[in-house]
Amino acid sequence: MRIYNTLTRKKDEFIPREQGKVAIYVCGPTTYNYIHLGNARPLVFFDTVRRYFKYRGFNVLYVQNFTDIDDKIINRAREEGYDPLVLAERYIGEYYKDADALNVLRADVHPKVSGHITEIIELVKTLLDNGYAYAVDGDVYFNVRHFTGYGKLSGRTLEDMQAGARVEVDVRKIDPMDFALWKSAKPDEPAWESPWGKGRPGWHIECSAMALKYLGFNFDIHGGGFDLIFPHHENEIAQTEAATGQSFARYWMHNGFITVNQEKMSKSLGNFFLVRDILSKFAPEVVRFYLLGTHYRSPLDFDDEKLTSAQRGLERIKTSLRLLDEALAGREADDEARPDPLLVTRLEEIHIEFDKAMEDDFNTALAIGLMFDLAREVNSYLQRNDYPNLAERMAALQKARQMFAQYNCVLGIFKTSATGDILLENQETGNEGLVEDLLDLIIEIRQKARLKKDWSTADHLRDRLKKLGIALEDTPDGVRWKRLG
RNA sequence: GGCGACAUAGCCAAGUGGUAAGGCAGAGGACUGCAAAUCCUUUAUCCCCCAGUUCAAAUCUGGGUGUCGCCUCCA
């Protein structure tokens, strides 16, 4: 497996710290608002990475933090008249709603900063003892000049950074690039007792403390958005490696941005789209499918048309799944039957390609392309009548359905049953009984009209149903209906 | 100013030396009462421009143009 490593600026062969195990830390959101699509990309992508490792038989330990103490939270809380921690907690709850909708699996651990103050203080103490940090008026800063590797992740030197530095010069700092490990508390801010007085952690130290606690040093993969490379991840590396004398993480993965009109979607530019607003217009599987349709390191431009295009594409795959289910419905699988090689040889080729795509730096775009190939092979095969016998045909189709389910386990597009079978929307809820019965009735009436060649009645019913979001399809074997959109 | 990324058909997008995946949209055909869905065929003599390396380049090197990002909170 090859992974593009920001640290080495190339694709490196993945060698786990421990055989058969992989430890991953992903920087989660600062919870002062609902998440937007830009936040969703790393969630969905790293969730897919995690799923792929699992699919390959790895034992995955996946940690994603919540930053629940931060200036923005404090400001927002002040505006709304809440306690900052209460506000943060509320948005953590909202985060789960959006993440669950997008089929993002819960992390093994979702640590919060507020629950790890002790660990953070310990880490800061270590850095002070080591001489990598200094305290001034209740603040503690990390001394970047002291850490020789500073800049190794972002690929620039302190001189580079200062040449165009836009940081305000704080005379109390030894170097302008020094960053806060601990901030003294202003009145009305959440604060904790520390050896340096009441205060709260700086932004970067939390991830170091929590990653070390749950994953230890030298763990496998640390992920986040491109914009975290500097300063966040650079500082994490500096702190952690200065404190432990050990490597922090070995593979650093960064996803590209979601853009709007080619510009970065960000909270500060105000051009962001909330996940829940998008989900009010598009199904979650469409959003996930769209996000994974582009390689994670490339920018991805967002607008409704692109989602609509994704929706239509996904419909193709759904159709193929429906056709498969229809063909297999009510038939017992015969485990003895040899799958028809006519279909299965192609399936095997696709399967090899799928693994190759994912092995090569998680090329989900290629993997999705292969799902389309799979769909075409299936659809095409279903139209043929020259199969050897029914049992072999069914075995081959069964195999195809398993492949769809497997790939879906990795890509996480469709909701699944407990056994991992793909659930299409018609099957999702148990509350559909009446709708189905009514549709059966309407279809029956229409069929009678069609027998009498009363095309205007038949077409009228079909048109009206279409306006209600139900599409009818007449086939030689009867009428099929599905929900649109 | 420093550092970096990207530029592939109408649109989206994969492809890091061997002669352009896939999707959306479009065209033609099969099927259909008509549709829809599906299948088949078709849509880039060519991958921003120029020069170079090579038997061979979208893929490597140099130069140029354009777009974006980081250097400040941001996924």
Side-chain angles (χ1 to χ4, degrees), chain A residues 6 9 11 26-30 32 35-46 70-72 75 151 154-157 159-168 177 203 223-232 234 254-259 262-269 272 289-290 293-295 297-301 303 305-317 319-320 322-323 353 357 360 363-373 375-376 378-384 450 453-456 458-459 462-463 466 471-476 479-482 484:
Chain A
T6 306
R9 244 144 284 183
K11 288 182 192 172
V26 176
C27 285
T30 301
Y32 68 103
I35 59 165
H36 61 68
L37 193 65
N39 300 312
R41 168 120 99 149
L43 291 182
V44 166
F45 172 66
F46 288 107
D70 166 271
D71 288 344
K72 294 185 294 295
N75 292 338
S154 51
R156 42 194 149 192
T157 63
E159 283 61 40
D160 288 345
M161 292 183 240
Q162 276 160 32
R166 285 182 275 168
V167 286
E168 275 181 52
M177 298 309 292
W203 174 34
F226 256 97
D227 50 358
L228 294 183
I229 295 173
F230 190 89
H232 188 53
E234 192 70 64
H254 295 96
N255 64 273
F257 299 126
I258 303 281
T259 58
Q262 321 299 334
E263 276 194 325
K264 179 183 173 183
M265 178 186 292
S266 76
K267 289 174 185 170
S268 39
L269 285 174
F272 59 87
F289 175 79
Y290 155 80
T294 298
H295 186 86
R297 284 189 282 116
S298 302
L300 208 202
D301 202 57
D303 59 50
E305 271 176 55
K306 296 195 170 86
L307 271 185
T308 301
S309 170
Q311 183 176 48
R312 291 191 186 143
L314 188 60
E315 193 55 46
R316 228 175 117 67
I317 288 171
T319 299
S320 184
R322 286 195 196 98
L323 292 172
E353 291 299 311
D360 185 13
N363 194 335
T364 56
L366 227 189
I368 281 177
L370 290 163
M371 278 184 96
F372 280 105
D373 289 341
R376 186 162 19 78
V378 166
N379 296 343
S380 174
Y381 182 74
L382 283 169
Q383 292 197 340
R384 305 180 67 134
R450 291 181 73 214
K453 296 196 193 300
D454 179 2
W455 307 128
S456 77
D459 291 350
R462 188 171 60 192
D463 290 346
K466 190 170 185 181
L472 293 190
E473 295 173 3
D474 299 325
T475 79
V479 183
R480 171 159 64 223
W481 68 270
K482 66 177 180 187
L484 296 167

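Since we're looking at a predicted model, the values are computed, not measured.
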### Query
Across all strands, who's sitting opposite B:U42 as a Watson-Crick or G-U wobble pair, both distances under 3.5 Å?
B:G26

### Message
At under 4.0 Å between heavy atoms, how does the protein contact nucleotides 32-38 of chain B? Give one character per nucleotide, 5' to 3', with B, S or -.
### Response
-BBBBSB

### Reported CG-to-CD distance for the pair A:N363 and A:E353, which is rounded to 0.5 angstrom
11.0 Å

### Query
A:D373 near the nucleic acid: base, sugar-phosphate alone, or nothing, with a heavy-atom cut-off under 4.0 Å?
sugar-phosphate

#### Entry: Any donor-acceptor N/O pair under 3.5 Å between B:C74 base and A:K264 side chain
yes

### Query
How close or far is atom P of B:G4 from atom CG of A:D227, stated in whole angstroms?
19 Å

### Query
Which of these nucleotides, B:A75, B:U16, B:A14, is closest to any side-chain atom of A:H295?
B:A14

### Task
Calculate, to the nearest 0.5 Å, the distance between atoms CD and CG belonging to A:E315 and A:L484 respectively.
7.5 Å

### Query
Once you round it to whole Å, what is the distance between P of B:C3 and CZ of A:R9?
13 Å

### Query
Which whole-number value in Å describes the distance from A:Y381 OH to B:C40 C1'?
19 Å

### Query
Over how many whole Å does the gap from A:K306 atom NZ to B:C11 atom P extend?
10 Å

### Query
Between B:G23, B:A14, B:A75, which one does the side chain of A:H36 approach most closely?
B:A75

### Task
Using the test salt bridge (Lys or Arg N to Asp or Glu O under 4.0 Å), find all partners of A:K72 that sit at least two apart in sequence or belong to another chain.
A:D70

### Query
B:G62 and B:A20: how far apart are their P atoms, nearest whole angstrom?
27 Å

### Message
Using the salt bridge (Lys or Arg N to Asp or Glu O under 4.0 Å) criterion, which residues pair with A:R312? Sequence neighbours excluded.
### Response
none

### Task
For B:U61 and B:U16, measure between their P atoms and round to the nearest Å.
14 Å

### Whole angstrom value for the distance that separates C1' of B:A13 from CZ of A:F289
11 Å

### Query
With rounding to whole Å, what would you report as the distance between B:C12 and B:U43 at their C1' atoms?
16 Å

### Query
What distance, rounded to whole Å, do you find between the two P atoms, one in B:U59 and one in B:A51?
14 Å

### Query
Taking the same atom, C1', in B:A9 and in B:G52, what whole-Å distance lies between them?
28 Å

### Message
Looking only at the side chain of A:W203 (C-beta and beyond, no hydrogens), which of the listed nucleotides B:C74, B:A14, B:G23 gets closest?
### Response
B:C74

### Query
Can you say whether the rings of A:W203 and A:H232 are parallel (under 30°), tilted (30 to 60°) or perpendicular (over 60°)?
parallel

### Query
For the side-chain contact (heavy atoms from CB on, under 4.5 Å) test, which of A:D474, A:T475, A:T319, A:L472 pairs with A:R480?
A:T475

## Note on the structure
Looking only at B:C24, B:A75, B:C70, the nucleotide nearest the A:N39 side chain is B:A75

### Message
Using the side-chain heavy atoms of A:A365, tell me which of these nucleotides is nearest: B:A75, B:C73, B:A13.
### Response
B:A13

### Task
For B:A14 and B:A21, measure between their P atoms and round to the nearest Å.
15 Å

### Message
Can you identify which nucleotide, out of B:A75, B:C68, B:C73, has its nearest atom closest to the A:Q262 side chain?
### Response
B:C68

### Task
Check the distance between B:A14's P and A:D360's CG and give it to me in whole angstrom.
12 Å

### Message
Within this structure, what is the CD1-OG distance for the pair A:I229 and A:S154, rounded to the nearest 0.5 Å?
### Response
8.0 Å

### Query
From the list B:A75, B:C24, B:G15, which nucleotide is the closest neighbour of the side chain of A:S309?
B:C24

### Task
Could you measure between the two P atoms, the one in B:C49 and the one in B:U45, and give it in whole Å?
12 Å

### Query
Salt bridge or not for A:D463 and A:K466, using N-O below 4.0 Å?
no

### Query
When rounded to the nearest Å, what value does the distance between P atoms of B:G23 and B:A44 take?
16 Å

